[in-house]
Amino acid sequence: MSATRLGYEVIVSEAIPLALPGRTPDGGARTWAPVSTTLVFGREEAVLVDPPLTSAQAEAVADRVRAIGRRLTHIFATHAHGDHWFTAPSLADRFPGAQVVATGGTIAQMHRAAEARAGFWDKILPGQIPASPVTAVAAEDLGNRLVLEGHALSVLGVGHSDTDDTSVLHIPDLDLVVSGDVVYNGVHQYLVESRDGGRDAWRRAIAAVEALGARRIVAGHKNHRYDDDADRQIRETRRYLADTDQLLETEPTPERFYSAMIRRHPDHLNRSSLWGSSQALYRTAPRVPRRPPDGWSSWVRRVSVSPASQPVGREEAGCRAPAATTR
């Protein structure tokens, strides 16, 4: 029988500006999306999920861990996008004994993300990200579970969501799933990696989370004003993907797609992410809308630079950068 009750809280690191030229089509600044870090705690110990991106954000998280007065035992990363693990090593240094954990697939992707730092991350957030060696141990070696004061925190790999090799942390005793980027909560979703079947794979990941039956979900990117109701977040995340599919067939340009998505999701945060996703989704092979808008008899978009040779990652998304250097 479990000896103590668990609690949790969510620390949202709000959007920050990026060192990028230009603005969104409606004049908005280029920004990084809000990032959610979850602290699960018992009477004496705590587990941290998805540490943030910058040194300043990590210091705020560390202050909160110190304030609750629990011993940090584990730092878990749901996936390899840098804003969910780059500060894990520095936080582990602050809390001796804290073990960084991720799935084997995520760890492989972390190595790719670390290689991308100098040419990507440090350019868009110069001097703001601490050293990020890959120090995680594989969750598989721990039986795909963390134990917090007698309570099981289960690691579940769900495949591709907004990137490859993603996972979630299920805490049954809190009726909670910490979903990483499988589910979003009032923030524009990162769509750059959603092509070529990616959105269908993402839907399967959402279904895997839904099957857990938790009443609460902590999304990796959330509006801090919103609650953690699972049903609402799953419904809204699915709707965003469905709207993407529909509008890609009717809108001829990234600007038109961007505007149409905003009309459908006017209250979502970080339009900078939507703008980067819009550009990436249209930087593909020729495509024709099923219903050409504005009376156009036909429309074909041709692009001379392939996504593989021209990075269109999260510096354009204004949200989060890719695990690899080429995208």
Side-chain angles (χ1 to χ4, degrees), residues 1-12 36-52 58 60-79 84-85 87-107 110 135-158 165-183 185 205 208-220 222 227-231 233-234:
M1 182 175 178
S2 298
T4 60
R5 297 181 61 182
L6 298 182
Y8 82 101
E9 68 178 59
V10 184
I11 306 161
V12 177
S36 306
T37 299
T38 305
L39 190 61
V40 183
F41 53 87
R43 182 176 298 168
E44 297 180 352
E45 298 177 340
V47 170
L48 191 72
V49 187
D50 283 347
V61 168
D63 287 345
R64 185 57 196 151
V65 174
R66 295 187 191 102
I68 69 166
R70 273 73 163 183
R71 182 175 66 87
L72 192 64
T73 61
H74 297 89
I75 300 170
F76 179 71
T78 59
H79 63 287
H84 293 261
W85 76 273
T87 60
S90 63
L91 283 167
D93 288 343
R94 288 180 171 93
F95 298 98
Q99 186 178 47
V100 181
V101 180
T103 66
T106 291
I107 291 171
M110 284 176 167
T135 61
V137 301
E140 293 86 347
D141 293 341
L142 304 177
N144 282 317
R145 55 182 265 166
L146 309 178
V147 178
L148 178 60
E149 297 185 7
H151 300 262
L153 285 61
S154 299
V155 177
L156 175 66
V158 295
D165 297 310
T166 62
S167 63
V168 302
L169 191 66
H170 182 208
I171 305 102
D173 291 334
L174 284 175
D175 212 1
L176 174 71
V177 173
V178 184
S179 74
D181 289 358
V182 178
V183 176
N185 191 359
V209 170
E210 185 177 41
L212 296 172
R215 291 190 302 113
R216 303 182 186 91
I217 290 174
V218 176
K222 68 171 289 184
D227 63 25
D228 295 328
D229 179 73
D231 289 343
Q233 293 179 73
I234 288 172

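- Contact annotation: the side chain of Leu169 approaches that of Val155 to within less than 4.5 Å [non-hydrogen atoms, C-beta and beyond].
- Residues Gln99 and Leu142 are in side-chain contact: their nearest non-hydrogen atoms beyond the backbone lie under 4.5 Å apart.
- Distance alone, capped at 3.5 Å, places no donor-acceptor pair between the Asp231 side chain and the Arg215 backbone.
- The backbone N or O of Val218 sits less than 3.5 Å from a side-chain atom of Ser179, completing a donor-acceptor pair.
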Steps toward side chain to side chain contact (heavy atoms under 4.5 Å, CB included) verdict (Asp181, Thr166): CA-CA 8 Å; Asp181 289 358; Thr166 62; over 6 Å; no

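- At least one side-chain heavy atom of Ile217 sits less than 4.5 Å from a side-chain heavy atom of Ile234.
- Arg43 contributes atom CZ, which lies 12.0 Å from atom CG of Leu148 (distance to the nearest 0.5 angstrom).
- Considering Val101, Leu153, Ile75 in turn, Leu153 is the only one that fulfils the side-chain contact (heavy atoms from CB on, under 4.5 Å) rule with Val47.
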Check against side chain to side chain contact (heavy atoms under 4.5 Å, CB included), Arg64 and Val61: CA-CA 5 Å; Arg64 185 57 196 151; Val61 168; 5.8 Å; no

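- The minimum heavy-atom distance linking Pro89 with Thr135 is given by the pair CG-OG1, 4.2 Å.
- In plain terms, the two heavy atoms of Gly42 and Arg70 that are nearest each other are O-NE, 2.7 Å.
- Nearest heavy atoms, Val178 versus Thr78: O-CG2, 4.2 Å.
- The shortest distance between side-chain heavy atoms of Phe76 and Leu146 falls below 4.5 Å.
- Residues Asn144 and Leu156 are not in side-chain contact: their nearest non-hydrogen atoms beyond the backbone lie 4.5 Å or more apart.
- Note that CD1 of Ile11 and CG of Asp50 are 11.5 Å apart. Values are rounded to the nearest 0.5 Å.
- In terms of heavy atoms, Pro52 sits closest to Ala58 at CG-N, 3.8 Å.
- Judged by distance alone, the side chain of Ser36 and the main-chain N or O of Val12 form no donor-acceptor pair under 3.5 Å.
- Smallest separation of non-hydrogen atoms from Ala92 and Val100: CB-CG2, 4.0 Å.
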Chi angles and distances behind the side chain to side chain contact (heavy atoms under 4.5 Å, CB included) call for Tyr8, Leu176: CA-CA 9 Å; Tyr8 82 101; Leu176 174 71; 3.8 Å; yes

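- When every heavy atom of Leu6 is checked against every heavy atom of Leu174, the shortest pair comes out as O-CD2, 3.3 Å.
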Steps toward side chain to side chain contact (heavy atoms under 4.5 Å, CB included) verdict (Asp228, Gln233): CA-CA 8 Å; Asp228 295 328; Gln233 293 179 73; 4.2 Å; yes

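- Atom CD of Glu149 and atom CD of Glu45 lie 5.0 Å apart (nearest 0.5 Å).
- Between the side chain of Thr103 and the backbone N or O of Ala139 there is no donor-acceptor pair closer than 3.5 Å.
- In Arg145, the CZ atom is not crowded: 12 or fewer heavy atoms of neighbouring residues, nucleotides or ligands sit closer than 6.0 Å.
- Leu212 contributes atom CG, which lies 5.0 Å from atom NE2 of His170 (distance to the nearest 0.5 angstrom).
- At least one donor-acceptor pair under 3.5 Å links the side chain of Glu140 to the backbone N or O of Gly104.
- In this structure, Asp63 and Arg66 have side chains that are in contact, with non-hydrogen atoms separated by less than 4.5 Å.
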